[in-house]
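Quick notes on the structure that follows.
Since we're looking at a predicted model, the values are computed, not measured. Lettering follows sequence order; numbering is per chain, from 1.
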Amino acid sequence: MSHQTEAPSNFIHKIIEADIASGKHGGRVATRFPPEPNGYLHIGHAKSICLNFGLAVDFNGRCNLRFDDTNPHKENIEYVEAIQQDVRWLGFDWDDRLYYASDYFEQLYLYAVELINKGRAYVCDLDAEQVRDYRGTLTEPGRNSPYRERSVAENLELFARMRAGEFPDGAKVLRAKIDMASPNMNLRDPALYRIRHGVIHHQTGEAWCIYPLYDYTHPISDALEGITHSICTLEFEDHRPLYDWVLDHITIDCHPQQIEFSRLNLEHTVVSKRKLTQLVDDGHVEGWDDPRMPTLAGLRRRGYTPAAIRTFCERIGVSRADSLVEMALLENCIREDLNDIAPRRMAVLKPLKVVIENLAEGQVEELEVPNHPQQPALGTRRVPLSRVIYIDQDDFREEASKKFKRLVAGGEVRLRFAYVIRCDQVIKDAQGNVIELRCSYDPATLGADPAGRKVKGVIHWVSAAHAVPLEVRLYDRLFTHKTPDNAGGRDYRELLNPESLRTLTQAVGERSLAQARAGDRFQFEREGYFCLDGVLAAKDRQVFNRIVTLRDSWAKIEEQGG
RNA sequence: UGGGGUGUCGCCAAGCGGUAAGGCACUGGAUUUUGAUUCCAGCAUACCUAGGUUCGAAUCCUAGCACCCCAGCCA
């Protein structure tokens with residue numbers, strides 16, 4: 001069963017098609033994914049990764065992986081490694097085209113000298129606060145810096161001395177000379193270089209004490225790599241004139257086209273790096289790879305497949321409109337993928353002991369059961385049935401309406417893949433809690449309907465004698481609010497869902513689950529899809545993360561007061 | 001009250017002057033030893049609003065309205 005979507009058509013796709021038709025870049029297509037190594041990749045990055053790498057695939061082009069590492073204060077080698085792992089895991093490859101903006105520091109410096117020589121950049125002595133003051137506001141023009149008219153010679157000397165480390169942090173900055181009255185704030189003589197002493201850059205070490213800024217670095221890095229289409233998010237739209245300005249004023253033979261699209265917002269999650277970092281640092285989650293995190297590391301550990309995430313990125317589309325995507329779409333993608341590929345197993349999350357009294361003590365029946373209802377290729381396995389089994393507490397009620405198709409006192413239900421049983425006796429503790437059921441099975445019902453009766457319900461079960469102890473972690477949305485980022489002034493941390501993780505320690509799984517290995521995904525019949533955790537695995541039990549529940553129309557009926 | 005954007009079904013999203021794709025969600029129904037899957041059917045006389053042009057407009061024009069982004073030596 002394939003769920004291939006036809007070539008996604010979005011406005012960027014069309015721009016590229018038109019460019020190829022007109023021979024704009026000689027028919028070449030080159031994109032890049034340019035993360036800053038200051039945090040882990042999240043689902044929003046996945047959209048950009050799929051877009052950039054996907055475009056390269058669609059048009060037989062190339063997509064580079066480039067670390068935008070111009071701010072050593074925030075960046076870290078741990079992130080550059082994690083990011084590569086995540087991109088690869090998502091299913092994309094950059095061959096030998098792994099670049100760092102810092103690879104270009106020397107060229108960037110030379111281009112800055114060129115700008116100075118052309119009178120288009122100058123060294124400014126204003127401090128940060130003064131610069132802000134001179135910049136003006138959204139509605140008022142800024143004022144020229146008193147250092148704006150320094151001679152080329154003086155600027156050249158000062159810039160060289162900046163590089164030589166003669167000035168302390170913040171003492172000077174190299175600025176583009178554009179227009180302090182521009183209605184576009186980005187054009188009011190933006191800073192090109194700042195001074196940063198005492199930081200060890202993960203790539204260049206202590207070679208530099210001046211670092212170029214994004215707006216200056218990005219267009220040049222793109223051009224040096226021969227990028228044809230530089231795709232970024234909407235908030236950079238106002239920066240495009242500056243992107244073009246830089247390339248128009250230096251001697252370089254490539255001018256990529258910047259194209260912006262709107263970033264992904266997902267309901268019930270935050271994707272700002274600052275907030276994700278805070279969740280980790282403040283211990284609200286167990287780490288960047290906590291299965292509740294929208295990070296690729298978190299989704300991976302949760303059990304999401306790369307294919308599901310790619311499908312999701314295709315389905316959300318690419319446009320310029322602000323959007324907030326429902327979690328249901330992501331869930332649909334993983335269900336769809338796992339439904340096809342995940343072997344089925346039986347596991348009882350909240351066990352209720354059932355004794356089948358007409359089954360002899362010590363008697364074990366090995367049942368051969370399919371691993372998948374629609375895919376014989378996934379094979380079969382043997383599941384043992386014996387006198388004492390567990391069923392789920394939710395599958396029994398002393399009495400219920402006819403809508404309830406499971407087991408009731410005195411009623412019958414089928415044990416999945418096995419026999420029909422009848423509940424003969426309900427045993428309770430002193431508090432009146434049901435603690436055990438006494439049942440009898442009908443030997444004539446294996447693979448056959450009982451004579452003269454209809455048994456609609458089918459429930460899953462696990463043989464007690466063969467049960468594998470399970471710890472099952474049930475995840476729910478991390479935030480109760482749809483937009484924790486913007487919840488009427490409430491801090492997103494107040495909106496954390498206290499029930500985002502429920503850990504069941506009494507769960508049991510069928511015998512074959514003992515063989516499961518970290519990362520294995522199963523459908524626990526009637527419960528959902530689960531993945532064996534790779535971090536918490538313990539000796540005495542198997543730890544499973546719930547990836548997603550099954551669709552549950554019964555839950556809907558119940559909600560509606562059924 | 002500067003500049004740049006965006007407004008099509010509950011959520012995404014096609015459409016680019018010829019009479020509203022698709023997906024998710026939802027609602028019926030069929031099959032089912034997972035209340036799963038699968039299948040079949042339904043789901044915008046309507047495209048932010050108001051005018052206008054046109055035989056014909058979501059698509060063109062005009063005027064509004066709403067929302068998003070920009071005043072880091074962050075990216």
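Residues that satisfy the side chain to side chain contact (heavy atoms under 4.5 Å, CB included) test with Ala307(A), not counting sequence neighbours, are Thr305(A), Arg310(A), Asp337(A). Partners of Lys456(A) by side chain to side chain contact (heavy atoms under 4.5 Å, CB included), not counting sequence neighbours, listed by chain and number: Lys405(A).
For the pair Ser553(A) and A36(B), the criterion of a side-chain N or O lying under 4.0 Å from OP1 or OP2 is met. For the pair Arg320(A) and U6(B), the criterion of a side-chain N or O lying under 4.0 Å from OP1 or OP2 is met. Put simply, Lys556(A) has a side-chain N or O that comes within less than 4.0 Å of OP1 or OP2 on C26(B). Residue Thr139(A) has no polar side-chain atom (N or O) positioned under 4.0 Å from OP1 or OP2 of U1(B). An OP1 or OP2 oxygen of G35(B) is reached within less than 4.0 angstrom by a side-chain nitrogen or oxygen of Arg526(A). Taking side-chain N and O atoms only, Arg188(A) has no distance below 4.0 Å to OP1 or OP2 of G3(B).
Taking 3.5 Å as the limit, the base of U34(B) and the side chain of Glu527(A) contain no donor-acceptor pair of atoms between them. If you check distances only, the side chain of Arg315(A) never reaches the base of G22(B) with a donor-acceptor pair under 3.5 Å. You'll find a donor-acceptor pair under 3.5 Å spanning the side chain of Arg344(A) and the base of U34(B), going by distance alone.
Across every strand in view, C74(B) sits unpaired, with no contact that passes the Watson-Crick or G-U test at under 3.5 angstrom. Base pairing analysis places C67(B) opposite G5(B); the two distances defining the Watson-Crick or G-U wobble pair are each below 3.5 Å.
Shown are Asp395(A), Asp392(A), Asp394(A); of these, the side-chain hydrogen bond (donor to acceptor under 3.5 Å, both in side chains) with Arg526(A) is made only by Asp395(A).
Taking the P atoms as reference points, U45(B) lies 15 Å from C11(B), given to the whole Å. Taking atom P in both G64(B) and G4(B), one finds a spacing of 16 Å when rounded to whole Å. One C1' atom belongs to C47(B), the other to G17(B), and the distance between them is 15 Å to the nearest Å. To the nearest whole angstrom, the two P atoms, one in C40(B) and one in U59(B), are 35 Å apart. Atom name C1', nucleotides C68(B) and A50(B): the rounded distance is 24 Å, in whole Å. For the C1' atoms, the distance from A44(B) to U19(B) is 15 Å, rounded to whole Å. Separation of the C1' atoms belonging to U8(B) and G15(B) is 9 Å when rounded to the nearest angstrom.
Contact detail for Arg551(A) and Arg335(A): the closest heavy-atom pair is N-NE, 3.7 Å.
The aromatic rings of His239(A) and Tyr214(A) stand perpendicular to each other, their planes meeting at an angle above 60°, with 30° marking the opposite boundary.
Within the 4.0 angstrom heavy-atom criterion, base atoms lie near Leu446(A).
The pair Glu525(A)-Arg345(A) does not count as a salt bridge, with every side-chain nitrogen at least 4.0 angstrom from each carboxylate oxygen.
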*Can you give one letter per nucleotide of nucleotides 69-75 of chain B, going 5' to 3': B for a protein heavy atom under 4.0 Å from the base, S for sugar-phosphate only, - for none?*
BBBSBBB
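Comparing U34(B), A14(B), C24(B) by their nearest atom to the side chain of Asn332(A) picks out C24(B).
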